[in-house]
Amino acid sequence: MNRFNLGDTVFFIANGYHIREATVIRIGSGFCTIKFNDNETPAGTRVRESKLFQTK
């Protein structure tokens with residue numbers, strides 16, 4: 001069972017202190033592909049589900 005669904009807004013801690021908001025675009029095998037909502041990077045990033053949080 002997945003912790004997140006497609007289209008969910010999640011939060012990712014970058015560099016240990018910077019919180020970035022993202023949207024889940026793909027899920028599979030304990031990993032999520034996310035796309036950041038701040039438009040700094042147009043590409044997606046694949047991270048483990050354990051690195052994502054539902055609330056800020």
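Computed from heavy atoms alone, side chains included, the values below leave out hydrogens, waters and symmetry copies.
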Value rounded to 0.5 Å, distance of [atom1] in [X] from [atom2] in [Y]:
X   : Y   : atom1 : atom2 : result
S29 : R48 : OG    : CZ    : 10.0 Å
I13 : K51 : CD1   : NZ    : 9.5 Å
E21 : F11 : CD    : CZ    : 4.5 Å

Subject >> Minimum heavy-atom distance between C32 and E49, given as atom pair plus value >> reply: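 Closest approach of C32 to E49, heavy atoms only: SG-CG, 3.5 Å.
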**OP:** Please go through L52's hydrophobic cluster and name the other residues, only I, L, V, M, F, W, Y counting, with side-chain heavy atoms under 4.5 Å joining them.
**Re:** F4, L6, V10, F12, V24, I27, I34, F36, V47
**OP:** Not counting sequence neighbours, which residues clear side-chain hydrogen bond (donor to acceptor under 3.5 Å, both in side chains) with T23? List them please.
**Re:** N37
Original post:
What pairs meet the side-chain hydrogen bond (donor to acceptor under 3.5 Å, both in side chains) rule with one or both residues in residues 9-20, with sequence neighbours excluded?
Top reply: R20-D38
